[in-house]
Amino acid sequence: MKLLTLPAALLTLQAFAQPQAPLPVDGSPDTWRGSATQSNDLVHTRLDIRLDYKKCYLYGREQITLHPHFYPADSLTLDAKGMEIRAVVLIKAGSELPLHYRYDGRSVAIRLDKAYKKEDNYTVRLTYIAKPNELELNDTSLLKYNKGLYFINPDSSEKDKPVQVYTQGETENASVWFPTIDKPDQKTTSELRLTVPAKYVTLSNGRLAEQHDNRDGTRTDTWKMDLPNPPYLFMLAVGDFRIYHDHCRGKPVDYYLEPKYAPYARAIFGVTPEVIDFFSKILHYDFPWNKYAQIVVRDYASGGMENTTATLLNEYVERTPRELLDAYNDKGQVTIVHELFHQWFGCLVTCRNWGNQAVDETFSEFGDGLWAGHRYGKDAEDALRDQDLQAYLGNAHAATLPIVRHHYANELDMFDMVTYYKGSNVLNMLRTYLGDSAFYTGLSRYLHQHAFGNGEVQQLRLALEEVSGLDLTWFFDQWYYRPGHPMLDVRHDYNPSTGTATVYLQQTQEGELYRIPMAIDIYCNGKVERHNMWLSTKADTLSFRTATQPDLINVDAQRVLVARITDHKTMQELLFQYTHAPLYLDRKQAIDAAMEQPDDPIAQQILMKALEDRYYGLRLAALHAIGKDDPIVKAAIPVIALHAQNDSNTLVRAAAIGVLGGEKNKKYIPLFDKALEHPSYAVEAAALLAIDRIDHVAAVNKARRLEGDARGPLATAIRSVYVNRN
Ligand SMILES: [Zn+2]
């Protein structure tokens, strides 16, 4: 699941700097939550469903085949939230035997006709009505996430809004729309027969086995999922969608969009086959399912949901080609990639309990970075990982929670910046420590060992240990089961008489010490030497013989450590680092430090160099820093004017135009006018605002001309011009 906002106060996962939600609690944070007791196991689920758009009800008839897990069982409890249960019968030798049951609004307890042994399959049939809009929760703020089944504009009362129905199972909300054992460690094959108005399209898991015209204005679609799948990853979606058919490795890849976005299906989703191919190769595990479909729906509470073979996506994914011009691996594409990686980590191997959901979400978040690195280069991967890491480090409460934990108030609390942001960076650290080959072979082993079943973090550790031959208990204990992260203070000095550079490393965090493998790069005499070290004590002192005083001592040279590091580098060292060290974070650290001291001439040199950085994100950072500071702007204007005209990245171009606009100089008007003809909304918006600062009347006239096709930043800019009273 890619979340927009999470229902947990300060810990709220703000995937893309969304506002935070208040803290709702529907349980005690002190309650121990492990795996559910497995009395019975699901084998096959057959659903016959009809939708009532007037009442927002779902009429269901369900046939479930199960068997006892180990011990004989004479009863069965199914989760069934907020339903009306009409009948429960046992299907035996072709006849129906009514069963005694008790229903309390949350679950239905069924007395079977006898005690069954684990070798014995039995089948029950339930007739029920699901009433998602009448669901009662202790905390109503959770309803947005926990309704299970969503009717969007069911009475067509909202103009220009499509009528849609879709489900959202994670975490335990599938049982709002069908009775089941709603736990992640249950897996069942399925058949879903869905009767809908004939004008609508349907989507569900697996293959569309049959379509039957009922000749009464309705059609019945039968979807079959032949591989075991947990109930929370069951899905259905119904509405007016256009389907674009693509393919990958001989399997169908389908994109379901609102009709108006259908012409852009390929522009929006066309990357999908390439991502499937990339993940299949890197994991040494082919895409495990018969097809992959993505569907975009309205009013979806999260960013996306990895329902097996049928991912549901927030409408922010739908964009026009002009909007896509300004999208550089933005949240739309990141969400597409995130849900795709879940088809292995989450769908194929599912967390055994929510306390271990790290085996799902840390991977998907990690997968976003992998794809960014593959497609856009290492800088893009490092930028994405750093964005996550900084969000985690910036939240004091997040440092109090371990990645794997069994005390939480609500299952959704597990979907936070600890599991997503810290977790994905911890995986990246593990990849660096083991090396790519051992790491991916270990992941492949974990996937093969637990395919169509469940996994916990310890099973991931074992798979990686089996492959690498290394003991990893220390790594998992300190990173997965302990909260927080190391705080490192780094100082160094040089003794010219002995030719010795000494590095003093101190772990200043409270509590236990960390064992840290780390690369230290020493730059000296035009050469760089790497030293691979282990830190394990509170204060480590490392000495290195060097011919002259080093230009730079770069601690955590691979830039992967999940830590807060204070390294007291001088601006001169940072300038050297910006120019000579190879990684995105080497350059970003120098730029960040330079932004803090804009009056320092060396800092200004760093910012001027950063205007030409190879990664657009750092060019943007430099422009924002320089734009705020008059003395540097004057010197930088000629370079900025070139970026305003020629930068290959539209966001950088827009930012450069923004800085030029601040000059309020008429000589740039031809440049701004030309920019107004650029297809990028961001470039047009910046140009319009720049003109407005010089000639308001002209800007108003130009805004009127642009109104016809204005979205995103251009729409905002036009509004701003109209209210501008200058
Ligand atoms: Zn996810």
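Please read all numbers here as calculations on a predicted model, not as lab measurements. Every number for a ligand or one of its atoms is a count from 1 in the order of the listing.
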*Asks:* When the ring planes of Tyr480 and Phe476 are compared, do they come out parallel, tilted or perpendicular, using 30° and 60° as the limits?
*Replies:* parallel
*Asks:* Of the backbone and side-chain N, O or S atoms of Glu306, does one lie nearer to the Zn ion (ligand 1) than 2.8 Å?
*Replies:*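 No.
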*Asks:* Let me see the working for Phe287 and Trp344 under ring pair (Phe, Tyr, Trp, His ring centres under 6.0 Å), right down to the final yes or no.
*Replies:* CA-CA 8 Å; Phe287 182 75; Trp344 287 266; 5.7 Å; yes
*Asks:* Mark yes or no: Lys187 above the aromatic ring of Phe452, with NZ or CZ under 6.0 Å from the six-membered ring centre and no more than 45 degrees from the axis.
*Replies:*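 So Lys187 doesn't make the cation-pi contact.
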*Asks:* Give a rough value, rounded to 10 degrees, for the angle at the Zn ion (ligand 1) between atoms O of Met1 and NE2 of His342.
*Replies:* 160°
*Asks:* Would you call the rings of Tyr615 and Tyr584 parallel, tilted or perpendicular, taking 30° and 60° as the class edges?
*Replies:* perpendicular
*Asks:* Specify whether an N/O/S atom of Tyr420 falls short of 2.8 Å from the Zn ion (ligand 1).
*Replies:*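 Given the 2.8 Å cut-off, Tyr420 does not count as a ligand of the Zn ion (ligand 1).
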*Asks:* Could you pull out the atom name of the N/O/S atom in Glu361 that is nearest the Zn ion (ligand 1)?
*Replies:* OE1
